[in-house]
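As structure tokens, the structure follows; a few thoughts come after it.
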Amino acid sequence: MPVYGNLIGGKWVKPASGRTFESLDPATGRPIGTFQSSTEKDIKKAVSAARKAFPGWKAVPAPERGQMLFRIAELLRKDKEGLASLETREMGKAINEARGDVQEAIDIAEYMAAEGRRLLGHTTPSELPDRFCATIKQPVGVFGLITPWNFPIAIPAWKLMPALIAGNTIVFKPSSDSPLCAIEFVKILEKAGIPPGVVNLVTGSGRDAGGPLVKHKDVGGISFTGSMETGIWITQNAGLKKVGLELGGKNPIIVMDDADLDLAVDGVLWGGYATTGQRCTAASRVIVHEKVLKAFERKLLARIGKLKVGNGMDPKTDVGPLVNKAAVDKTESYVKLGKDEGARLCCGGKRIARKGFFFQPTLFTNCSMDMKICQEEIFGPIVSLIPVKGFSQAIDAANSVDYGLSSAIYTSSMKRAFRAIELMDAGITYVNSSTIGAEVHLPFGGTKATGNGTREAGIEGLNEFTETKAVYIDYSGRLQKAQKIK
Ligand code: TXE
């Protein structure tokens, strides 16, 4: 079994604890590698290496940093197939989707590389004569990145690329369910010429490695994607650091009575069961106009019956395994809860008796918004159908959860589409398209419990990783006082 180290100050090293853990292939339950169970001591070393590297990296002109990001994109492109296969082996998603994950990393690397020639501030007039006013973007310093396993290359790339182009140095703590993807990704950054100490990688548990990173006084910011519980813990323990949080969703698709039902079925299948429902943007609630409920349910059931569940490496697989046994247990517990709450189980509902962590694509109907299966993030292949009487009830149902990440409406009415864009309380709204499929040049993030207002990707994605400095240059040659002070 290969044993992998941490990357600290440009060297691959073993942790102070001497302890290790294994990452499993969720399709077989077999281990694919042994990784370091790091602790506070390792985090301290990594932060110190990142601190040492910071002045040098900040001094590299941003366009030159951009050249390195372009090289990263090129290397990712060359190794796309290898990385996608690794991803499927380590976290289970269907190979075609894994390719999409690597593509997203390529896209964000190129997008942020080009930012090296922009990183725009703005100029603005002064209230005084002979005074020039502008803003510039500056790096924060050492940034801690804490990531989940569901997009084990794209999410780290979404954080690393803007952090690097802005001139920050990094300590990256990936999920213990996808450490090998993180390691192979970081090796590509090394190959592209990112100097030693600029990106450090420390594997280990959330408590023993993630916690000390969040609390470290020399870390200027934390960017986190994961569960709401951990996100809340981070805000309570990060002190005055800059914190960016992306904490998932309970994303609705509204299907109106004037919708193209076949198109809506395509959207629900893709949004609800792709990545085995383990996307923060997964369409876990489908709010259907009662007039078309029966027809929609029938069409959807027929298509769910055709989904092929299996090892993600098989190109015919639609639905891969869940990430680990805990995820299977959690999904199963929500099936029981749904039945107890009075929802009608239309199909699925059971773990699949074979090696690995497989669960049947599951559909509940007759659901209501007060049910826990309609309120809580399950992160498994469960979709709930919620009947409504009309548009305003549909909007109320869509908005009546704690989260506000993605949302969608299927309708042929322009008026309803624009109303929904206005009224759905979410960071993202799709019209006649599913809740998943974000593009890297648009901002990604949500309202309410989905986060703390930060956005990733797009131009807005740079704000999380930069400080904005206001600059005043007086060329009058005399003391000038603002606010009309004589
Ligand atoms: O998340 P955690 P898990 C949701 C989803 C899923 C559930 C649990 O509902 O079923 O969370 O998944 C690190 N200090 N999402 O257990 O625990 C941890 O090591 C610092 C939604 O994977 O939040 C990992 O690197 N770090 C989601 C990362 O946080 C800590 C994606 C995420 O782990 C820490 C994933 C601590 N105290 C899960 N505790 C989305 N938004 O897409 C844990 N970590």
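Along the sequence shown, residues are numbered consecutively beginning with 1. Computation of the quantities below employed the complete heavy-atom set of this structure, encompassing side-chain atoms and omitting hydrogens, waters and symmetry-equivalent molecules. Being a predicted model, the structure only gives us computed values, none of them experimental.
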Kindly give the heavy-atom pair with the smallest separation between [X] and [Y], and that separation in Å.
X      : Y      : result
Lys355 : Phe358 : O-CE1, 3.4 Å
Ala343 : Phe364 : CB-CD2, 3.6 Å
Leu322 : Pro381 : CD2-CD, 4.0 Å
Thr317 : Gly320 : CG2-N, 3.9 Å
Thr39  : Ser17  : CG2-CB, 4.1 Å
Gly458 : Tyr111 : C-OH, 3.6 Å

So [Y] and [X], do their side chains get closer than 4.5 Å, heavy atoms only?
X      : Y      : value
Val471 : Cys133 : no
Val383 : Thr362 : no
Ile304 : Tyr273 : yes
Asp101 : Pro152 : yes
Val401 : Arg285 : yes
Phe151 : Pro156 : no
Thr147 : Thr225 : no
Ile373 : Cys367 : yes

*With a 6.0 Å cut-off on ring centres, are Trp158 and Phe444 close enough?*
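Judged by ring-centre distance (under 6.0 Å), Trp158 and Phe444 do meet the cut-off.
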*Ring-ring centroid check Trp57 Phe143, cutoff 6.0 Å*: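 They do not qualify: ring centres at least 6.0 Å apart.
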*Do you know which of Val202, Val219, Val142 makes side chain to side chain contact (heavy atoms under 4.5 Å, CB included) with Leu213?*
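Result for side chain to side chain contact (heavy atoms under 4.5 Å, CB included) with Leu213: Val219.
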_As a test of understanding, state which of Val440, Leu69, Leu164 forms a side chain to side chain contact (heavy atoms under 4.5 Å, CB included) with Met112._
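Considering Val440, Leu69, Leu164, a side chain to side chain contact (heavy atoms under 4.5 Å, CB included) with Met112 is found only for Leu69.
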Would you mind checking if [Y] and [X] are paired as a salt bridge, meaning a charged N to carboxylate O distance below 4.0 Å?
X      : Y      : answer
Asp218 : Arg51  : yes
Glu81  : Arg99  : yes
Arg71  : Glu74  : no
Lys250 : Asp402 : no

*Which is it for Asn463 and Lys137 under the side-chain hydrogen bond (donor to acceptor under 3.5 Å, both in side chains) test, yes or no, and what are the steps along the way?*
CA-CA 9 Å; Asn463 294 338; Lys137 298 264 191 218; 3.2 Å; yes
Take atom [atom1] in [X]; do more than 12 heavy atoms of anything else shown fall under 6.0 Å from it?
X      : atom1 : value
Arg30  : CZ    : no
Lys316 : NZ    : no
Glu40  : CD    : no
Ile473 : CD1   : yes
Arg77  : CZ    : yes

*Could you go through the side chain to side chain contact (heavy atoms under 4.5 Å, CB included) check for Cys347 and Gln360 one step at a time?*
CA-CA 8 Å; Cys347 70; Gln360 295 173 335; over 6 Å; no
Any luck finding a side-chain donor-acceptor pair between [X] and [Y] under 3.5 Å?
X      : Y      : answer
Ser407 : Thr429 : yes
Asn251 : Thr281 : no
Thr454 : Glu464 : no
Thr230 : Ser227 : yes

*Plane angle bin for Phe379 and Trp149 - parallel if under 30°, tilted between 30 and 60°, otherwise perpendicular*: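 Geometry flag for Phe379 against Trp149: perpendicular rings.
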*How far apart are the C-alpha atoms of Lys187 and Glu190, what are their side-chain angles, what is the distance that settles it, and do they pass the salt bridge (Lys or Arg N to Asp or Glu O under 4.0 Å) test?*
CA-CA 5 Å; Lys187 281 186 185 163; Glu190 276 189 299; over 6 Å; no
*Say you draw a straight line from NZ of Lys330 to NZ of Lys325; how long is it, rounded to the nearest 0.5 Å?*
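If we round to the nearest 0.5 Å, Lys330:NZ and Lys325:NZ are 14.5 Å apart.
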*Can you tell me how far CE of Met161 sits from CD of Glu456, rounded to the nearest 0.5 angstrom?*
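Rounded to the nearest 0.5 Å, the CD-CE separation comes out at 13.0 Å.
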*Carefully, step by step, assess Leu462 and Ile165 under the rule side chain to side chain contact (heavy atoms under 4.5 Å, CB included).*
CA-CA 9 Å; Leu462 281 166; Ile165 200 68; 3.8 Å; yes
*Could you go through the side chain to side chain contact (heavy atoms under 4.5 Å, CB included) check for Val335 and Phe359 one step at a time?*
CA-CA 11 Å; Val335 171; Phe359 204 91; 3.9 Å; yes
_Set out, in order, the CA-CA distance, both residues' side-chain angles and the distance that settles salt bridge (Lys or Arg N to Asp or Glu O under 4.0 Å) for Arg351 and Asp329, then state yes or no._
CA-CA 9 Å; Arg351 61 178 74 206; Asp329 294 343; 2.7 Å; yes
*asked:* Before you tell me yes or no, could you show the steps for Lys14 and Gln36 under side-chain hydrogen bond (donor to acceptor under 3.5 Å, both in side chains), namely the whole-Å CA-CA distance, both residues' side-chain angles and the distance that decides it to 0.1 Å?
replied: CA-CA 7 Å; Lys14 296 223 163 106; Gln36 310 302 322; over 6 Å; no
*Walk me through it: do Glu90 and Ser178 pass the test side-chain hydrogen bond (donor to acceptor under 3.5 Å, both in side chains)?*
CA-CA 6 Å; Glu90 193 170 35; Ser178 57; 5.1 Å; no
*In sequence, state the C-alpha distance, the side-chain angles, and the governing distance for Lys159 and Ser223, and then conclude on side-chain hydrogen bond (donor to acceptor under 3.5 Å, both in side chains).*
CA-CA 7 Å; Lys159 297 183 190 303; Ser223 180; 3.1 Å; yes
*asked:* Please evaluate residues Asp79 and Glu184 with respect to the criterion side chain to side chain contact (heavy atoms under 4.5 Å, CB included), reporting the C-alpha separation (whole Å), side-chain torsions for both, the decisive distance (0.1 Å), and the verdict.
replied: CA-CA 10 Å; Asp79 203 14; Glu184 293 305 327; 5.9 Å; no
